[in-house]
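So the structure is just underneath, and the comments pick up after that.
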Amino acid sequence: MARSPALRRFLSHPWVLGVLGILTVFLVWWLVTASGMVDKLFLPGPGAVWLAGTDQFQRGILVADAVASIKRVFIGFAISAGLALPIGIAMGTNRTICHFLEPLMALIRYMPAPAFIPLLIIYFGLEELPKVMLIFIGTFFFNTLMIMDAVKFVPSELVETALTLGGRGLPILTRVVAPYIAPQVLDTYRINMASAWNLVIVAELVAANEGLGKRISLAQRFLRTDEIFVGLIVIGLIGLMIDLGFRFLMRRACSWAN
Amino acid sequence: MHLQVSQVSKSFGEGRDRKLVLETISFELFSGQFMALVGSSGSGKSTVMRLIAGLERPSEGTIHLDGVPVRRPGSDRGMVFQKYSLYPWLTAAQNVAFGLSLQGRGKAEIRERTAYFLDVVGLADAARLLPRELSGGMQQRVAIARALATEPKVLLLDEPFGALDLQIRESMQEFLHDLWKRTGLTALLITHDIEEALLLAGTVHIMAPRPGRIVHTVDVQLDRSDLRHLRVSQPFLELREELASRLRSLDGSLL
Ligand SMILES: Nc1ncnc2c1ncn2[C@@H]1O[C@H](COP(=O)(O)OP(=O)(O)OP(=O)(O)O)[C@@H](O)[C@H]1O
Ligand SMILES: [Mg+2]
């Protein structure tokens, strides 16, 4: 089969095959539902899901849910990221602090965050606080330990050069360590943001008044599979957008590392 | 400028793991001198340099710079490492300016000195390039400019050309010799390349390992007006062979 170079170049573009993969799944989905092989109650077609989505959007539910979920993620994750940075750096630079905290954190890290939900509900009720806390617990320890590792791998020559140039203490932290670890910190945040986004849905499935997870559990009660699909797709899309946002930020702020 | 290393010993580790790495090292270095330490791997050359830089403390003995004991790193002892140690997120010019800005010098002064020292190492055109855009030799020249920019009393060079391939290494040796003649800097060079040491240094200390110590010192009196010529001249080759056989016998006696 003779393939033209233009086609090959087109196919080798990273986005093309990715979009093609997604379209394939949509096509299979559409074929399966259009053929009537599966009960629409279990697997609604793309059209029905689209209608359910636009309906939710027009009634303003979709945006309200998304905003509620995003807000929880951002507050919880901002606290987690903000605390993990100084603590991770402290653990990476100071052996005593590291020895004191690392076993503790490594232990808590392996406790599944959703298992904290009952406790959080007992302590903090059903409002926003337990959900934000859940996201914090689920990401803080990973964030901290990954930042600590990044700090430990700062090449000693870079720090020692700064020392022999007359630097010491805080300036070395802000002008050598911080810029060096910036790409890894952004990547750490990007990776752990995914679990923050998972956790907010879990928390909302358990107890919430609004939010994308809450909408899914409501839809389940009324057997509205089309609305469940709307929720899943929107959650995926927002997650993807956050991921791309971090990648963009990284390319902009740390172009030297590429 | 007077650097005095007297009776310095250094051990690493504690108790049974304690390992003597340097044993009673002594030497002096004066203004404008170019000195080299030569020795096989593990003879403690880098450790000597790190002690002078203040990155390590001697277990015994003292190091004085102009009569003041060395206690910690400082910009009066500039250092160039073997591995490229430029800050990858800073341009060549920003790397050269790094020490000056750490010291809080004024903007105009920083700009002027950075341009001057980039020019000294022949990289005025590369000012805006990032380290990854520079060749290995250029990177080491930026590192040398960065160390010189804070005007250290002595420049410590730890195998600065060890990672470069042969041709570039030779041109860098000529560059360093030329720089030394032009600026009258004081330098301590570490190398395991006898030829490099003889080409550049007025005094060469040979070090032996386990424990690291100075076993032989040569005052090199050669005509350095043309390094390329010197490399292949008879007296140079003879001296080189003599030292090489000395080093070989040191290694041999350990086998
Ligand atoms: N921080 C340290 N802790 C323990 N041992 C060390 C330390 N630094 C150096 N040593 C040991 O001291 C000895 C000399 O090391 P050094 O790096 O000074 O040698 P060198 O002559 O520079 O060798 P090379 O030519 O390979 O660079 C080595 O055996 C090394 O293992
Ligand atoms: Mg060494």
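Values below: every heavy atom of this structure, side chains too, minus hydrogens, waters and symmetry copies. Predicted, not measured: the structure shown is a model, and the values here were computed from it.
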Among [options], which residue forms the greatest number of heavy-atom pairs with chain A at distances under 4.5 Å?
{"options": "B:Gly54, B:Ser75, B:Ser101", "value": "B:Ser75"}
{"options": "B:Phe81, B:Tyr87, B:Trp89", "value": "B:Trp89"}
{"options": "B:Gln103, B:Arg77, B:Arg50", "value": "B:Arg50"}

At a heavy-atom distance under 4.5 Å, which candidate from A:Pro171, A:Ala182, A:Gly167, A:Ala162 has the highest pair count against chain B?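 Option with the greatest count: A:Ala162.
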So which part of B:Leu90 gets closer than 4.5 Å to some heavy atom of chain A, the side chain, the backbone, both or neither? neither
Segment of B:Arg72 engaging chain A (4.5 angstrom heavy-atom cut-off): side chain
Side chains of [X] and [Y] only: does a donor on one sit below 3.5 Å from an acceptor on the other?
{"X": "A:Asn143", "Y": "A:Thr188", "answer": "no"}
{"X": "B:Thr62", "Y": "B:Ser6", "answer": "yes"}
{"X": "B:Ser46", "Y": "B:Asp158", "answer": "yes"}

Is NZ or CZ of [X] both nearer than 6.0 Å to the six-membered ring centre of [Y] and within 45° of the ring axis?
{"X": "A:Arg109", "Y": "A:Phe142", "result": "yes"}
{"X": "A:Arg175", "Y": "B:Phe98", "result": "yes"}
{"X": "B:Arg141", "Y": "B:Phe175", "result": "yes"}

A:Ala257 versus chain B, heavy atoms under 4.5 Å apart: side chain, backbone, both or neither? neither
